[in-house]
Structures are given as structure tokens and as C-alpha cells.
Amino acid sequence: YILPRNRGEEALLKELLPVKKSSFINNVRNFFLEKGFVEVSTPSLSPYPGLDPNIEPIRIEYSGEILFLHTSPELSMKKILAKSNLTKIFQVCRVFRKEPFIDELHNIEFDLVEFYVKEEDYRTLIKIAMELLLFLSEIYGKRELKYKESKAIIDGSFEIVSLEELTKSILGKSIKDVVEEEFWKIFVTHIEPIIRQKKKPTFVIDWPHFSSIMSREKNDKKWLIERVELFLAGVEVMNGNTENVDPVKQLNRMLKEAKKRFGEDYEKYIDKEFIELIPNLGLTSGAAIGVDRLLMLFEGLENITSTFNI
């Protein structure tokens, strides 16, 4: 449903938002179904928290048991893939994160679509993301997406940006010689402003190993991981990676992160079944796309809370 922009625009948009968001999610769902993906459903509560760096889960207590609202359906979806003969799965769901601050692009709850593909690496995620953008662009008749002063042209072209190369150009050294605190500082002060100027969908690759505990290392550069993030009009809308399927590496990474967060008894927060199953994945890639942020861009909204049906 395309809303005519001619009268009481803001009031009319708010009035019809429940219809528009439902339609948008259905279009995203139809894209994946038409591509042969199988839709799955997983629990929102788990005794095992998401342990990716920089993402904090929301903890609750129920009947004396500590549970966590999922920050992503990642663990459950990978277990489905590892236990079955399925090769392509997706899910549209609400996720929850303890954000250190709430702003136009961050909220403690939001909708995302997460998908996984067997026998493909992270480069396939770029292809799927571009196909989704063109699919939605055709439906909504929009070739230009805007956010504040930035814009992105959806015409099939895109740009790939290497963080390794950008870091070298800014600091004169490789990411392997940059400590974590220094990297995130230059990412905010130097790299993000560069990305905001890009007029094409921009896929950022060559992330440092400390940015994700779920990603596979690059064979030729072990300090980098096979991770990709998509930016549209300066807004991050997708992150994905080739999945790490080495159980020893995965356990060590998760134990390190759990110990940092929980101190004593940290081992109980590790999903041992997940560790045992990941070798069954083989070569697999997966990504999460923020549905609300994508809807913001297609509707010309500037605040993520505007996408909620209230």
C-alpha cells in the first residue's frame, strides 16, 4: 500500500502505519519464500544469553530461574539447521537488547529478519541483500532512500569497502596492529563519516576479530573475520558473516565473553548443545537485517520508534 503524500502527511502516516508495517513485513517474508527459504520459529526466552561483544541481553527471573530475552534467534536457528536437512531458513521476529542509550536508530526492542544459507560464504549475503533491496524498490517505486542528509540510490550497483584498507589509509597501519579501543575510536570519528557520504548501498568487510565471536577467520589474514555490514544512507541495516564451525574456537570465544560478563559460574551460560552441533553446519553464512530501520528508509522516517504500531 503506497500512501499519497499530499495532506496531513504525519497524521495520515501514523494512522496507516499498522497497515504499512504489516505490508512491509509481508513483502520481506514473500521475498525469502520466493527464494526457496523455509520460515522457522524459535523461542524468545532462553537460559543462554547472546554473547556477541557490544550487545547486552535483557535478563529476567521466572520461577526462580534466570532467563534472557533473545538478542537474536541465532543460536536456535543454527541448531535447527544443524539438526535438519534444510539448507536455507529465515525468521521474522522481535528481539530485545539492553541499549546503553536510546536514540533515533536504537531501541530496546525491534523487528529483524534473520536468515542462513548452507554451502555459501559471506559474499552470498551481499547478493541476497541487493536482491531484497531491488525487490522492495520495485514494489514501493523508490530508487532513492534518504536519512537526514545522506541518501542511497537503489539501481543494482553497490560498493564494497574494506576496513583493513581504510584503517591503513587513516592510521598508516594494519588492523592487526591496532588495539580494540583505538579501532572503535577511529571507526566513529573517521570511518562512519566516510560511509555516510556513500551514495550507493555500501558493504563494509574485513572486520577485526574482536568485533564478533561467531564469524570465521579469513584464511590469509587471521586477524580479520569474514563479516559484512550493509549501510544505506549511512544507516547500518544488516550484519552477517561466514559462520565459525570450529567447536573448540567457538567454546573458547564464548567462555571468554561469558567470564567477562558474569564472573563466577560463567560456564553455565554456554549452550553446550550448540557447541556440539556447529560442525554439522559445514560452510554456512547468515545475516540479520533490521526491518524497522529498513522501513524507516523506505518511508522517510527519522526515528525508529515511529515504526511501532502505537
Side-chain angles (χ1 to χ4, degrees), residues 1-3 5 13-14 16-35 37 39 55 71-74 90-97 99 103-116 124-159 192 195-196 198-204 228-241 286-309:
Y1 183 89
I2 306 300
L3 179 66
R5 299 300 180 93
L13 178 58
K14 188 170 184 179
L16 291 181
L17 184 58
V19 176
K20 296 172 74 63
K21 184 168 184 177
S22 175
S23 174
F24 189 82
I25 289 174
N26 282 336
N27 286 324
V28 171
R29 175 177 281 112
N30 288 337
F31 167 82
F32 284 98
L33 291 173
E34 289 176 11
K35 292 290 180 183
F37 284 76
E39 186 169 13
I55 298 179
T71 57
S72 156
E74 180 172 8
F90 82 102
Q91 179 174 188
V92 180
C93 65
R94 178 68 55 91
V95 296
F96 308 86
R97 299 177 181 182
E99 292 288 352
D103 61 16
E104 295 97 331
L105 294 173
H106 298 85
N107 198 41
I108 61 172
E109 58 176 311
F110 56 94
D111 296 312
L112 59 71
V113 56
E114 190 148 328
F115 62 95
Y116 293 88
T124 292
L125 306 176
I126 296 174
K127 178 176 180 291
I128 293 172
M130 283 306 304
E131 290 173 347
L132 174 61
L133 289 178
L134 289 170
F135 177 83
L136 294 172
S137 175
E138 186 68 26
I139 290 173
Y140 290 94
K142 296 197 75 169
R143 295 293 181 185
E144 184 176 282
L145 305 180
K146 293 182 179 180
Y147 183 71
K148 296 187 176 180
E149 302 304 316
S150 300
K151 66 179 180 180
I153 307 300
I154 310 301
D155 61 3
S157 61
F158 60 90
E159 188 171 347
E192 281 189 333
I195 294 171
R196 280 196 293 271
K198 302 291 185 183
K199 299 297 191 294
K200 297 179 181 180
T202 302
F203 294 91
V204 180
V228 59
E229 291 194 4
L230 167 61
F231 290 81
L232 294 172
V235 177
E236 179 210 335
V237 296
M238 182 189 87
N239 69 74
N241 48 260
I289 296 176
V291 171
D292 296 328
R293 288 186 180 182
L294 203 54
L295 176 60
M296 284 172 59
L297 292 169
F298 273 93
E299 289 300 334
L301 305 172
E302 291 195 359
N303 196 309
I304 193 168
T305 58
S306 300
T307 67
F308 289 88
N309 298 338

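Every heavy atom of this structure was used, including side-chain atoms; hydrogens, water molecules and symmetry mates were not. Start at 1 with the first residue, then count along the sequence. Not measured: the values here are computed from a predicted model.
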*Decide side chain to side chain contact (heavy atoms under 4.5 Å, CB included) for F24 and L294; before the verdict, give the C-alpha distance in whole Å, the side-chain angles of both, and the deciding distance to 0.1 Å.*
CA-CA 9 Å; F24 189 82; L294 203 54; 3.9 Å; yes
Which atom pair, heavy atoms only, marks the closest approach of [X] to [Y]?
X	Y	result
V291	V113	CG2-N, 3.6 Å
K146	L297	O-CD2, 3.7 Å
M238	L125	CE-O, 4.2 Å
Y116	E74	OH-CG, 3.0 Å
F37	I128	CZ-CD1, 4.1 Å
N107	I304	CB-CG2, 4.0 Å

Quick one, [X] and [Y] - any side-chain contact, counting heavy atoms below 4.5 Å?
X	Y	result
K35	E131	yes
L133	F158	no
K199	K151	yes
R293	Y147	no
E114	C93	no
S137	L145	no
I126	L230	no

Atom [atom1] in [X], atom [atom2] in [Y]: separation rounded to 0.5 Å?
X	Y	atom1	atom2	result
F203	K198	CZ	NZ	13.5 Å
F298	L136	CZ	CG	4.5 Å
K148	R196	NZ	CZ	9.5 Å
E302	L105	CD	CG	9.5 Å
R97	I108	CZ	CD1	13.0 Å
Q91	L112	CD	CG	8.5 Å

*Salt bridge present between K200 and E159 (N-O < 4.0 angstrom)*: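 No, no charged N to carboxylate O under 4.0 Å.
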*Do R29 and E34 sit within salt-bridge range, that is, some charged N less than 4.0 Å from a carboxylate O?*
no
Do side-chain atoms of [X] reach the backbone of [Y] as a donor and acceptor pair under 3.5 angstrom?
X	Y	value
R143	D155	no
D111	D292	no
T71	F96	no
T202	I195	no

*asked:* Surrounding CD of E39 (heavy atoms of other residues, nucleotides or ligands, distance under 6.0 Å), is the total greater than 12?
replied: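 Result for CD/E39: enclosed.
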